[in-house]
Student: 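One structure follows; several queries about it will come next.
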Amino acid sequence: MKTRLNSIKKKITDAAVSCGRDPADIRLVAVSKRIPENKIREAIEAGADILGENFIQEAREKTDHLSSCNVSWHFIGHLQSNKSKYAVRMFDFIHTVDSIKLALEINKRAEKINKIQNILIQVNISGELSKSGVEPEKIMDLLKEISRLKNISVKGLMTMPPYFSNPEKARPFFASLRKLREAIKKEDIPGIFMEELSMGMTGDFEAAIEEGATLVRIGTAIFGKRV
Ligand SMILES: *Cc1c(COP(=O)(O)O)cnc(C)c1O
């Protein structure tokens, strides 16, 4: 585990350096969905400090059993608004907000526990019908609505391009997300921050870093194939 984690970290550093970025600006989210707790514990001991989970029920058990570990939990799965209560309790970041309905529910739950919830807006950058995420044309309106919500802090954008065996094919989608971020920054919407770009997985994180990723979400390369 330690060897694999260190090898990923080295690849992240190398990708950053190769394009003139500071490696400290890129953080690794170790994606632990469907990975048993003993393996997650090993990863934490080997130095993983952000864990990404996709399913609320599964995350409730894991965060409970691993509550003594000093790690940050990020939610990267599809969130149903009726599960927002749990998500707000457990996660430092929710990467997958794509509707005002969901944002309102998160805001309400965060207000109840006096929390400012960090979120990212998931963007359907490829326009695939099957994908979650807000369409790029609709993001400004969504951000303007969310900017009024006091218990939500928008920190950036997240995307998942279509799967390609060749990571170079994913690169244009990563570049599009970066350009969308620049366009949003120019709008200067109050309370909307755009420092984070959550993009890149096991197969394509180096291209994502070259295109500006600040959070890479990597599962398989750390934990091996999921069952
Ligand atoms: C599972 C998952 C990942 C990690 O994928 P790997 O290919 O195993 O690195 C990243 N992001 C999201 C949203 C996922 O669901």
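Note that the structure is a prediction, hence the values are computed from the model and not measured. When a ligand or atom number is given, it counts from 1 through the structure's own listing order.
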Student: Looking at side-chain heavy atoms only, is the closest gap between Lys155 and Glu195 below 4.5 Å?
Tutor: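 Sidechains of Glu195 and Lys155: in contact.
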
Student: Would you check if there is a donor-acceptor pair between the side chains of Thr214 and Glu196 at a distance under 3.5 Å?
Tutor: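 Their side chains do contain a donor-acceptor pair, which is all the 3.5 Å distance test asks for.
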
Student: Could you tell me whether Thr96 approaches ligand 1 through its side chain, its backbone, both or neither, with non-hydrogen atoms closer than 4.0 Å?
Tutor: neither

Student: Which of the numbered atoms in ligand 1 are below 4.0 angstrom from a heavy atom of Met160?
Tutor: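 In order of numbering, the contacting atoms are 13 (C).
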
Student: Run the numbers for me: atoms of ligand 1, each under 4.0 Å from some heavy atom of Gly219, listed by number.
Tutor: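 Per the distance check, 4 (C), 6 (P), 8 (O), 9 (O).
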
Student: Count the heavy atoms belonging to other residues, nucleotides or ligands that lie under 6.0 Å from NZ of Lys9, then report whether that count exceeds 12.
Tutor: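 Counting neighbours around NZ of Lys9, more than 12 heavy atoms of other residues, nucleotides or ligands fall under 6.0 Å, so yes.
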
Student: Looking at Asn54, which atoms of ligand 1 are within less than 4.0 Å of one of its heavy atoms?
Tutor: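 Under 4.0 Å from Asn54, ligand 1 has these atoms: 14 (C), 15 (O).
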
Student: Inspect the surroundings of NZ in Lys185 and state if more than 12 heavy atoms from other residues, nucleotides or ligands are less than 6.0 Å away.
Tutor: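 It does: Lys185 NZ has more than 12 such atoms within range.
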
Student: Any atoms of ligand 1 less than 4.0 Å from a non-hydrogen atom of Ile76? List them with their elements.
Tutor: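 Per the distance check, 11 (N), 12 (C), 13 (C), 14 (C).
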
Student: Going by heavy atoms, is Arg226 under 4.0 Å from ligand 1?
Tutor: yes

Student: Is it true that Ser130 and Glu128 share a donor-acceptor pair across their side chains at a distance under 3.5 Å?
Tutor: no

Student: Can you confirm whether Lys10 is buried at NZ, in the sense that more than 12 heavy atoms of other residues, nucleotides or ligands lie under 6.0 Å from that atom?
Tutor: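 Counting other residues, nucleotides and ligands, NZ of Lys10 stays at 12 neighbours or fewer.
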
Student: Quick check: does Ile218 get an N/O under 3.5 Å from an N/O on ligand 1?
Tutor: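 Min N/O separation from ligand 1 is not below 3.5 Å for Ile218.
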
Student: Distance to 0.1 Å, residue and atom name: give those for the protein heavy atom nearest to atom 6 (P) of ligand 1.
Tutor: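 Closest protein heavy atom to atom 6 (P) of ligand 1: Thr202 OG1, 3.4 Å.
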
Student: Just to be sure I'm reading this right: ignoring hydrogens, which of Gln122, Lys33, Arg34, His78 gets closest to atom 3 (C) of ligand 1? Compare them by their nearest heavy atoms.
Tutor: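 It is Lys33 whose heavy atom sits nearest to atom 3 (C) of ligand 1.
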
Student: Tell me: protein heavy atom nearest atom 5 (O) of ligand 1, and distance?
Tutor: Met201 CE, 3.5 Å

Student: Is Glu105 salt-bridged to Arg109, going by a charged N under 4.0 Å from an acidic O?
Tutor: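 Counted as a salt bridge, because a side-chain N and a carboxylate O are separated by less than 4.0 Å.
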
Student: Within a distance under 4.0 Å of any heavy atom of Arg217, pick out the atoms of ligand 1 and give their elements.
Tutor: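 Answer, ordered by atom number: 4 (C), 9 (O), 10 (C), 11 (N), 12 (C), 13 (C).
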
Student: Considering the heavy atoms of Thr220, write down every atom of ligand 1 situated less than 4.0 Å from one of them.
Tutor: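 Near Thr220, meaning under 4.0 Å from one of its heavy atoms, ligand 1 has 6 (P), 7 (O), 8 (O), 9 (O).
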
Student: Checking Ser72 against Asp92: is there a side-chain donor and acceptor pair closer than 3.5 Å?
Tutor: yes

